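What follows is a single structure, written as structure tokens, with notes after it.
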Amino acid sequence: MKLSAVPEVFPLLRPFVLSRGGRTEARVLTVTAETDGAEGRGECVPYARYGESMESVTWAIDELPEGLDRGYLQTLLPPGAARNAVDCALWDMEAKRIGRPVWEMAGLTAPPEPVTTAVTISLAAPEAMRAEAARRANWPLLKIKLGGEADMARLEAVRAGAPAARIVIDANEGWTPEFYAEIAPRLVALGVEMVEQPLPAGADDALGEMARPLPVCADESCHDRASLPRLVGLYDIVNVKLDKAGGLTEALLLRDAARAAGFGVMVGCMVGSSLAMAPAVLVAQDADVVDLDGPLLLAADRANGLLYDAAGVHPPEPELWG
């Protein structure tokens, strides 16, 4: 079995900004696995927040031994971008080798269906966010990036631009306990349905001592199943991302373990192409919140990209993945 990893760049439609900074392009690593005439692909986004770089992830993949399968891979690499891209490529390769779709191999009881996904409005001045919200007002669910002193003005502007839309918000670790406690009732009054990662990971114990008038979702605080015990009593929902969990294999297990522990499930993504979203659509089939809008942020997606329409994001065609 042969593995190769190639960096690719996808320009964005417009700058994507959150509390930690912004970007104008999606830099991804595309992994191809080949054996017996079958080829599978996976995509990851190395993320500096988790100590990853394009170089470090490429090196980790290049150092993998021959004779690799999905089970062995779990023991060789930790959760993260490198394991994600390889794991998803192995799923895809095996599906094409044996002529069965990944959803069957993964034990789903029925073919995957379209799921409603949030579309993200990135951090900007209130008037700019209002204009973007108005442009997206007919979308069923908006995810609003926040994380600064003007956040209530931003959120009020978004609500004015999209008065009927469902709204979830993501602070990306940008708030203090005092700020969150102060604005939480106002979030409820504006119809916000969920707040994602209001406090920094590792400094979020304060959530256990605070009222939670709306559900709180762990993103940066939740990576794989090992994260879950610490989150009990702090969060209501966990965000399953393949780049954090280390692939479809662990993401499916994390989803089920989170449910068993009493958490709601969100399925999210980094900013990437349809190849990165494709396996996540399988994980998202019974999720409470879905945020798989990465391709909608790109100036141009891959060939055979995912279909987005009024029904949501559709499962991938075999030409893309799975």
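Quantities reported herein were computed from a predicted structural model and do not represent experimental measurements.
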Quick one: closest heavy-atom pair of [X] and [Y], and the distance?
X	Y	answer
Ala95	Pro101	CB-C, 4.4 Å
Leu252	Ala106	CD1-CB, 3.9 Å
Gly268	Leu292	O-CD2, 3.5 Å
Gly247	Asn84	CA-OD1, 3.3 Å
Pro315	Leu306	C-CD2, 4.0 Å
Ala211	Pro213	O-CD, 3.3 Å

Side-chain donor or acceptor of [X] paired with backbone N/O of [Y] under 3.5 Å:
X	Y	answer
Arg70	Leu73	no
Asn172	Gly174	no
Ser56	Glu52	no
Asp224	Pro79	no
Lys143	Thr117	no
Lys2	Thr35	no
Glu43	Val31	no
Glu25	Leu12	no
Gln285	Glu113	yes
Arg83	Gly246	yes

Return the [atom1] to [atom2] distance between [X] and [Y], rounded to the nearest 0.5 Å.
X	Y	atom1	atom2	answer
Leu248	Cys88	CG	SG	5.5 Å
Ile144	Leu142	CD1	CG	5.0 Å
Met152	Arg186	CE	CZ	4.0 Å
Ile121	Arg136	CD1	CZ	8.0 Å
Asp36	Ile98	CG	CD1	12.0 Å
Asp87	Cys44	CG	SG	11.5 Å

Heavy-atom check, side chain of [X] versus side chain of [Y], under 4.5 Å:
X	Y	result
Met93	Leu90	yes
Tyr235	Ser221	yes
Asp62	Leu3	no
Leu146	Asp170	no
Val158	Arg130	no
Leu199	Thr176	no
Val313	Met277	no
Leu68	Met1	yes

Take atom [atom1] in [X]; do more than 12 heavy atoms of anything else shown fall under 6.0 Å from it?
X	atom1	result
Glu66	CD	no
Asp69	CG	yes
Glu319	CD	yes

Test the Arg41-Trp321 pair against the cation-pi criterion, namely NZ or CZ under 6.0 angstrom from the six-membered ring centroid and within 45° of the ring axis. no

Let's go through Arg97 and Asp92 carefully: what are the C-alpha distance in whole Å and the side-chain angles of both, what is the deciding distance for salt bridge (Lys or Arg N to Asp or Glu O under 4.0 Å) to 0.1 Å, and is it a yes or a no? CA-CA 9 Å; Arg97 189 182 68 82; Asp92 189 32; over 6 Å; no

Under 4.5 Å between side-chain heavy atoms, counting indirect links through other Ile/Leu/Val/Met/Phe/Trp/Tyr residues: same cluster for [X] and [Y] or not?
X	Y	value
Leu207	Val238	yes
Phe10	Tyr47	yes
Leu123	Met194	no
Val240	Val281	yes
Val265	Val195	yes

Lys/Arg-Asp/Glu bridge criterion (N-O < 4.0 Å) met for [X], [Y]:
X	Y	result
Glu132	Arg135	yes
Arg49	Glu173	yes
Glu94	Arg100	no
Arg27	Glu8	no
Arg259	Asp288	yes

Evaluate the side chain to side chain donor-acceptor pair (under 3.5 Å) criterion for residues Asn239 and Glu196: first the C-alpha distance (whole Å), next the side-chain angles of each, then the deciding distance (0.1 Å), finally the verdict. CA-CA 8 Å; Asn239 190 346; Glu196 191 177 347; 2.8 Å; yes

Report the hydrophobic cluster partners of Leu307, with the cluster defined as I, L, V, M, F, W, Y residues connected by side-chain heavy atoms closer than 4.5 angstrom, directly or transitively. none

Only counting residues at least two apart or in another chain, list the ones meeting ring-ring contact (aromatic ring centres under 6.0 Å, His included) with Tyr72. none

With salt bridge (Lys or Arg N to Asp or Glu O under 4.0 Å) as the criterion, how do Arg225 and Glu250 come out once you've worked through the C-alpha distance, each side chain's angles and the decisive distance to 0.1 Å? CA-CA 8 Å; Arg225 285 170 291 166; Glu250 177 62 22; 2.8 Å; yes

So Phe16 and Leu297, side chain to side chain contact (heavy atoms under 4.5 Å, CB included) or not? Walk me through it. CA-CA 8 Å; Phe16 183 79; Leu297 306 175; 3.8 Å; yes

Indicate the ring-plane relationship of Trp175 and Tyr180, choosing parallel, tilted or perpendicular according to the 30° and 60° boundaries. parallel

Determine whether His314 and Tyr308 satisfy the following criterion, ring-ring contact (aromatic ring centres under 6.0 Å, His included), listing intermediate values before the conclusion. CA-CA 6 Å; His314 290 246; Tyr308 290 80; 8.6 Å; no

Worked verdict on Val168 versus Cys217 for side chain to side chain contact (heavy atoms under 4.5 Å, CB included): CA-CA 10 Å; Val168 297; Cys217 178; over 6 Å; no

From the list Leu155, Asp151, Leu214, side chain to side chain contact (heavy atoms under 4.5 Å, CB included) with Ile169 holds only for Leu155

Let's go through Lys241 and Asp219 carefully: what are the C-alpha distance in whole Å and the side-chain angles of both, what is the deciding distance for salt bridge (Lys or Arg N to Asp or Glu O under 4.0 Å) to 0.1 Å, and is it a yes or a no? CA-CA 8 Å; Lys241 290 181 178 176; Asp219 181 5; 3.0 Å; yes

